[in-house]
Number of protein chains: 2
Amino acid sequence: MKEEIKTYLKHIKDVCPELNDNELEKFSSELTVEKYNKNDFYITAGQTQTQGGFLISGLIRVFHTDELGNEKNIYFVPENDYTFHYASFMDNKPSPLSFQCLETSVVVNFPAFHLHKSYEEFPKFDRYGRLIVEQKLKQQQERLESFLFQSAEQRYLDFINQFPQLFNRISISQLCSYLGVERQTLTRIRQKLARSV
Amino acid sequence: MKEEIKTYLKHIKDVCPELNDNELEKFSSELTVEKYNKNDFYITAGQTQTQGGFLISGLIRVFHTDELGNEKNIYFVPENDYTFHYASFMDNKPSPLSFQCLETSVVVNFPAFHLHKSYEEFPKFDRYGRLIVEQKLKQQQERLESFLFQSAEQRYLDFINQFPQLFNRISISQLCSYLGVERQTLTRIRQKLARSV
DNA sequence: TTAATTTTGGCACAAATGTGTCAAGTAAAA
DNA sequence: TTTTACTTGACACATTTGTGCCAAAATTAA
């Protein structure tokens, strides 16, 4: 079995020990490992994902493109995280966002129907799903709340704290839209912080 | 069995028909129905919820209070929705947000441990949990994304569209912080929209 | 009913943010 | 190496948003 698949199965087992090795073994039969180069698109907006993916190594930016062609980053996918748009993937609808590799990336892919089948075949898979989605919900909730009652400066500081391993790999121009400000504003924030050190 | 509890069980069954009536019956044994008056607090920030609740009728605002005592609304809980802060409830941690009734409200309550017990006793409960959390995640995701790539004006229009039943029950001053703008700005948006009709 | 409170729209001014542009510096590609 | 592309900090200016205040209207409580 490929190393990447082992890593993925280990993640599942860590989250939900109730799943036994036999079930994981069966689940793994449909997994494939794929490598993407820097700047490759994992998903292009408008596309419906026929497969889901778990990022083993690399970094992916998830962005939205408006009518004028302006891009805004909504998420970054770090190592050991799922790389799909939950809402559209679960409903089998086109993704409103594009996924592009900022670095060479290795992904474990699985067909969407295989996930649904697993929910039916392996009762404890529902638990794994629940736990993962609960994690995601918490993250999402925190991020939303940070937009509602924190300043851009605080969000910037939080980002550095929360993703120290990403901070040096993402440029200012990529980061600013994730924080919800223009590049100029992020520059001002950094200047202000630098002065106050 | 009280009407409110029947309403709640019906909601569960609608979301997850795999749960049988016997299981629901057992689950219902720990449910209580409580009424709250307008302006009553369902949860005060800092409190750890020992029970979760499902709002049968009424309307609850969920808000954050900053160091200066300024309040900002983060969510509104409409009828037939859960009234707790997922992240803190699931981890049994103090809620960072306060829940206050904007209208007389009737809630079906259940002890937190009862939920966890149900996950162990009734295997299909995990599925119900997964489906609910998936729903929440989708809503949360949409809301976050609206902050990242939509204008306040668009968010206002979306709110009217998405919650027509709430629109007339929430004042401008309560709504503005939910949309992430000051009251004056929301007034300006409304003026602009009124002119363009 | 009257009195008290809350909500709303409006105004003026201050502060923050966005827009567009430029040049130096850095990194990547030929 | 040279060339190209991208990133960054800086500037000026326009626009948007926030703040504080007021008075009219609406709502709620006495």
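First the proteins, then the strands, lettered A, B, ... as listed; each starts at 1.
Under 3.5 Å, the side chains of His85(A) and Glu145(B) contain a donor-acceptor pair of N or O atoms. Side-chain N/O atoms of Tyr75(B) and Gln140(B) include a donor and acceptor closer than 3.5 Å.
For Phe125(B) and Phe27(B), the gap between ring centers is short of 6.0 Å.
Nearest nucleotide to the Gln184(B) side chain, out of dG18(C), dG20(D), dT8(D): dG20(D).
Atom CD of Glu103(B) is separated from atom C1' of dT28(D) by 15 Å (rounded to the nearest Å). Regarding Lys192(B), its NZ atom lies at a distance of 14 Å from the C1' atom of dT17(D), rounded to whole Å. Look at NZ on Lys38(A): it is 11 Å from P on dA27(C), rounded to the nearest Å. Whole-Å rounding puts the Leu102(A) CG to dA27(C) C1' distance at 15 Å. Between Leu179(A) atom CG and dT17(C) atom C1' the separation is 15 Å, expressed in whole Å. For the pair Glu182(B) CD and dT19(D) P, the computed distance is 5 Å after rounding to whole Å.
Here Arg190(A) reaches the OP1 or OP2 of dG9(D): one of its side-chain N or O atoms lies under 4.0 Å away. Taking only side-chain nitrogens and oxygens, Arg188(B) never comes nearer than 4.0 Å to OP1 or OP2 of dT16(D). Between Thr185(A) and dT17(C), a side-chain N or O to OP1/OP2 separation shorter than 4.0 Å is absent.
Taking each heavy atom of Glu153(B) and Lys192(B) in turn, the nearest pair found is OE1-NZ, 2.7 Å. Residues Phe63(B) and Phe41(B) approach most closely at CZ-CE2, 3.6 Å, considering heavy atoms.
For Arg155(B) and Phe147(B), the positive end sits near the middle of the six-membered ring, less than 6.0 Å away and at most 45° from its axis.
Taking every heavy atom of residues 66-78 of chain B and every atom of DNA chain D, no pair lies under 4.0 Å. For the contact set between residues 155-174 of chain A and DNA chain D, defined by any heavy atom under 4.0 Å, the members are Ser171(A), Ile172(A), Ser173(A).
In this structure, Tyr8(A) and Phe110(A) have parallel ring planes: the angle between them is below the 30° cut-off, well short of the 60° mark.
Side-chain contact between Gln47(A) and Ser95(A): absent, with no pair of heavy atoms (C-beta onward) separated by less than 4.5 Å.
The ring pair (Phe, Tyr, Trp, His ring centres under 6.0 Å) contacts involving residues 164-192 of chain A comprise Phe76(A)-Tyr178(A), Phe159(A)-Tyr178(A), where partners must be two or more places apart or lie in separate chains.
Of the residues near DNA chain D, Asn39(B) and Ala152(B), the one whose nearest nucleotide (by heavy atom distance) lies more toward the 5' end is Ala152(B). Toward the 5' end of DNA chain C, the nearer of the two residues Gly180(A) and Arg183(A), judged by each one's closest nucleotide, is Gly180(A).
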